[in-house]
Amino acid sequence: MGNLEATLYDMMDWGRMEGVVYAEEYKPFDYLGPQKTEEGILIQAFRPRATSLTVKLAKTNKEYPMVLESEEGFFATLIPRKTVPEYTLIEKTEDGEKEFHDPYSFGCQITPDQELRFSEGVDYKAYKILGAHPRTIRGVSGVHFAVWAPYAMRVSVVGDFCNWDGRVFQMHRLDGSGIFELFVPEAKVGDLYKFEIKAKGGLVYLKADPYATSSELRPGNASRVWDIDTFRWSDDTYMKARAKRDIKKEPVSIYEVHLGSFKKPVIEGVDEKDSFYNYRELAPMLADYVKKMNYTHIELMPIMEHPFDASWGYQVTGYFSVTARYGTPDDFAYFMNYMHSKNIGVILDWVPAHFPRDTFGLSAFDGTCLYEHLDERQGAHPHWGTLIFNYGRPEVIDFLVSSAMFWLEKYHADGIRMDAVASMLYLDYGKNDGEWVANMYGGNENLEAIELLKRINTEAKKRKDGALIIAEESTAWPLITGDVEEDGLGFDYKWNMGWMNDFLEYMRLDPLFRKGSHGQLTFSMVYAYSEKYMLVLSHDEVVHGKGSMIGKMPGEYDEKFANLRAAYGYMMTHPGKKLLFMGQDFAQFAEWNEEKSLEWELIDEYESHRNMQKYVSALNKFYKDNEALYSLDHSPEGFEWISELDADHSIIAFLRKTKKEEESLLVVINFTPVVYKDFAVGVPFAGKYKEIFNSDSVDFGGWGNVNARVKQSKEIECDGREHSISITVPPLAMSVFKCTPLKKTAVKTTKTKASAVAKPTAAVAKATAAKKTTKAKTTTAVANATAANATATVANATVAKKTTKAKPTAAVANATAAKKTTKTKTTATKAVATKTTATATKGATKAKTSAVANATAAVANATAAVANATAAKPKATKKAAKK
């Protein structure tokens, strides 16, 4: 044995060497790489595949052969100097020779201050220190890897750069945080990698990087090194303008999209379900369509990496990684940049409520329940088969807040829509007794999740860049969009699931029976200003046997389309921002299937679908062009009922307003297939009323029952108003009138809002007595529903059904007859309508006095019910509201 070998033999810490050789070292910086000793600089390295290893000094190119101390590949040498030099290692293997920098010569890159912030749960940009980051350190390019795994015995980064050998790059543990880190000069952008974790008990397994910014295409599940800071953005003008806007006073019409099935390419030899366009290819296709259809925004179903296509992205494994199905992070950045160049906002779905159990993901990450709770009652969704985040752990808070901020910061997202917020708020969500654990006060509120949501919304608002945070929350939890400072959760908008459920249930009914559920149509206005709402007809409503939107509509073929036009008309004129899922704007009959492209061929082959597409485009444009439909969405000043109690005709009339009287719009919607001629409608003031939109236009596939001439109001009392107009009300349709006052100020209304004058139709004339009874019962239904706000939909529907089980009146009979004749579009229809008008005019005069008295009493009852419900509302518990 030579002098060097003998000296090195005496210097070896054989126990530490064994730990390295058997891949159990968790403090490699203390042993591997350069170490100062009295004899000089000791350099040790472990390269299992090397046959020889040499140290080469950077300045002098002098080489020092290393001594093989262990046959497994442990090498050492001693350099006679007092300071650590810059050096490289020259490795010879059976495959050849290569020169590289020693990863253990770079030491720790994460500072104690960064560790502390992370451990305290206040590092909301944790993605900057954790994950894989291409860096240049001391002039050397490589990738810095860091992962939080506090209870692991050892963590190694493995990948393309080390033949996936967990012995080569054993990471160094930071005791202050439980983070493992290592700078690897041999790694580069594009390399696949994972973390090899040795848990207590000796189990060794591979995990994808929780903070990875790119991933392998499924079914592979490795992470991929990427530099997301190299993309050159050109949307500065858009972003600055967005920051100055008040979106609450602007039109918001969102096109909800699943990128994988919006359109699919035809690729020879590839199944349709596995064929995807790239983000760069999708950008112009989607932008062109969105502009054509006059939407303001798109909302993407989760584009975060996920293993299972049929989860639609809602079971996420890559909270910082765009899915590889459609390309790279740069491709997605291009997509976002392109959308902004076309002035289209992009909202991203994001899922902080739960995550899947896939073994390569977050579950039992370091051998312990790190991201989830240990107790299944707290850490699992029994029905979804997924795991619930431990919202009380500081590092998990860092992870989730950082993820939300990441998409806003790095990809310029215009908003985040949080999925399944209700499941976060309630500890007993989807669980039976014994399947959940109460909070410290014995309640079912998840106090830690509440705090997390407040933090996310607070951090988003601190950015002051105009980005939105939207909640999908399906219960009556209070102050979802309330200010955090006032104990609200701080969201900008809440999906109005109550409106959606009530309205779709109403629209499914045969028009002959809709009058019994009239409250489902109008009840949303009772609570319309309790939150800042977004009206949604989303993907959830057109899957799992629910049928498409056109498929939900009753009636024969033409009536289905008319019903859908009326439904969309009501949605677009009702207060609140709007969202519609793709394919529903051209009335695709099939349920949505994520494996197939939308049925675009319907537009080419069938006029009815082309007309529906034309209608939705025109409706979106009409919405954007009229400030009354959006500027006061969240203020009672922006809406006023004209007639909400006319259940007999299933007709509603209301005003949408701005602060300028002359910008008011009168909306009349008929949910029956009956045409009403010379139909009296109360108006807010004396003036001219011009129809500016009608869903029954032949251009949209309707029957053409329009009001071609401007209507001059008359001083004839109707609907509790001193003035009224007489119009044609088209069947299953919406009409909108522009209101032009004769004077600058509107005539003061002295009557209460009620249908005080009987409508001049044959149905009403022949069924005056029935109308009195039905009117009173409908009023009672509305009052009861109002008083029972927490269980609004059920109560309202139940009362309505009970109060309308009377035998069909002449009104129903006439409506049935009219319905049949209307569908034929023949001359007979006009004849019936003319006769109906004449008969009705006579009957209306006789019925007027009794109808006024009846309606006045009904309104008094309804007003009292509203007052009682308002007073009682704060006393309602969250749990009761949820049920």
Side-chain angles (χ1 to χ4, degrees), residues 237-238 241-257 286-299 339-347 414-415 417 466-468 470 492-493 495-496 528 532-538 564-582 584-586 611-635 637-639 654-660 662-667 669 690-695 697 699-700 734-739:
T237 301
Y238 174 90
R242 189 187 79 183
K244 295 178 181 179
R245 290 160 52 189
D246 183 357
I247 196 69
K248 293 180 175 61
K249 295 181 180 179
E250 295 188 5
V252 175
S253 180
I254 302 169
Y255 184 58
E256 188 188 20
V257 181
L286 187 53
D288 288 348
Y289 187 73
V290 168
K291 298 299 284 186
K292 172 184 175 180
M293 297 301 293
N294 291 300
Y295 293 103
T296 63
H297 294 70
I298 60 173
E299 179 174 315
M339 288 296 163
H340 288 172
S341 74
K342 301 300 181 182
N343 201 36
I344 299 170
V346 184
I347 297 166
D414 296 277
R417 176 263 191 186
L468 304 174
I470 303 164
D492 293 292
Y493 290 104
W495 275 21
N496 195 335
K532 296 178 181 64
Y533 282 114
M534 183 172 287
L535 307 185
V536 295
L537 296 174
S538 73
L564 192 58
R565 290 194 298 270
Y568 289 164
Y570 184 45
M571 176 183 180
M572 295 301 283
T573 54
H574 188 290
K577 308 308 180 186
K578 327 295 179 184
L579 178 144
L580 183 65
F581 184 56
M582 65 179 193
Q584 310 315 303
D585 47 358
F586 62 83
N611 287 335
M612 179 58 73
Q613 185 187 51
K614 185 192 303 183
Y615 171 70
V616 173
S617 176
L619 188 59
N620 273 327
K621 185 178 186 303
F622 180 73
Y623 167 67
K624 291 196 300 182
D625 289 347
N626 288 275
E627 186 179 340
L629 296 178
Y630 57 79
S631 65
L632 294 177
D633 262 334
H634 312 298
S635 169
E637 296 176 359
F639 179 92
F654 55 86
L655 298 175
R656 291 304 310 275
K657 302 185 292 182
T658 70
K659 293 183 179 180
K660 297 179 181 179
E662 63 273 17
E663 294 178 345
S664 299
L665 297 179
L666 170 64
V667 181
I669 311 178
K690 179 182 180 181
E691 186 177 80
I692 57 176
F693 196 90
N694 189 321
S695 68
S697 166
D699 289 341
F700 304 141
M734 175 190 72
S735 304
V736 184
F737 296 82
K738 182 176 177 57
C739 311

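Atoms considered below: every heavy atom in the structure, side chains included; atoms not considered: hydrogens, waters and symmetry mates.
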Stepwise side chain to side chain contact (heavy atoms under 4.5 Å, CB included) check, N626 with I692:
CA-CA 11 Å; N626 288 275; I692 57 176; 4.2 Å; yes

For the student: nearest non-hydrogen atoms of [X] and [Y], plus distance:
{"X": "A528", "Y": "Y533", "value": "O-CD1, 3.4 Å"}
{"X": "F693", "Y": "F700", "value": "CZ-CE1, 4.0 Å"}
{"X": "Y615", "Y": "Y568", "value": "CE2-CB, 4.2 Å"}
{"X": "K578", "Y": "T573", "value": "NZ-N, 4.4 Å"}
{"X": "K577", "Y": "K248", "value": "NZ-O, 3.1 Å"}
{"X": "R245", "Y": "I247", "value": "NH2-CD1, 3.4 Å"}

List in chain and number order the residues that pass side-chain contact (heavy atoms from CB on, under 4.5 Å) with K657, two or more places apart in sequence or in another chain; answer none if no residue qualifies.
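Expected list: E640, L655, S664.
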
Contacts of type side-chain contact (heavy atoms from CB on, under 4.5 Å), residue S635, not counting sequence neighbours:
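S635 satisfies side-chain contact (heavy atoms from CB on, under 4.5 Å) with L632, E637 only.
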
What I'd like to find out is whether the side chain of [X] reaches to under 4.5 Å of the side chain of [Y], using heavy atoms alone.
{"X": "L286", "Y": "M339", "result": "yes"}
{"X": "L629", "Y": "M572", "result": "no"}
{"X": "V667", "Y": "F639", "result": "no"}
{"X": "L537", "Y": "Q584", "result": "no"}
{"X": "M534", "Y": "I254", "result": "yes"}
{"X": "S538", "Y": "L579", "result": "yes"}
{"X": "Y630", "Y": "V252", "result": "no"}

Using 30° and 60° as the class limits, which term best fits the ring planes of Y289 and Y255: parallel, tilted or perpendicular?
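Tilted: the ring planes of Y289 and Y255 meet at 30° to 60°.
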
When rounded to the nearest 0.5 angstrom, what is the spacing between [atom1] in [X] and [atom2] in [Y]?
{"X": "E627", "Y": "T658", "atom1": "CD", "atom2": "OG1", "answer": "5.5 Å"}
{"X": "N611", "Y": "Q613", "atom1": "CG", "atom2": "CD", "answer": "10.0 Å"}
{"X": "K614", "Y": "K292", "atom1": "NZ", "atom2": "NZ", "answer": "10.5 Å"}
{"X": "E250", "Y": "T296", "atom1": "CD", "atom2": "OG1", "answer": "9.0 Å"}
{"X": "D699", "Y": "N694", "atom1": "CG", "atom2": "CG", "answer": "10.5 Å"}
{"X": "L468", "Y": "H297", "atom1": "CG", "atom2": "NE2", "answer": "6.0 Å"}

Do the ring centers of H634 and Y493 come within less than 6.0 Å of each other?
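Yes - the distance between ring centres of H634 and Y493 falls below the 6.0 Å cut-off.
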
For the pair R417 and D492, find out whether any cationic side-chain nitrogen is under 4.0 Å from an anionic carboxylate oxygen.
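Answer for the salt bridge query: no.
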
Distance-only, no hydrogens or angles: does the S695 side chain make a donor-acceptor pair with backbone N or O of M734 under 3.5 Å?
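Looks like yes, one N/O pair under 3.5 Å.
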
Are any side-chain N or O atoms of R565 and backbone N or O atoms of M612, one a donor and one an acceptor, separated by less than 3.5 Å?
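No, the answer is negative, given that no donor and acceptor are paired below the 3.5 Å cut-off.
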
Residues, nucleotides or ligands: over 12 heavy atoms within 6.0 Å of K624 NZ:
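Above 12, so yes.
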
Inspect the surroundings of NZ in K291 and state if more than 12 heavy atoms from other residues, nucleotides or ligands are less than 6.0 Å away.
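Buried by this count: over 12 neighbours within 6.0 Å.
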
List the residues meeting side chain to side chain donor-acceptor pair (under 3.5 Å) with [X], not counting sequence neighbours, and say none if there are none.
{"X": "S617", "value": "N294"}
{"X": "Y295", "value": "D585"}
{"X": "S253", "value": "N620"}
{"X": "Y570", "value": "none"}

Check step by step if side chain to side chain contact (heavy atoms under 4.5 Å, CB included) holds for D633 and R656.
CA-CA 9 Å; D633 262 334; R656 291 304 310 275; 3.2 Å; yes

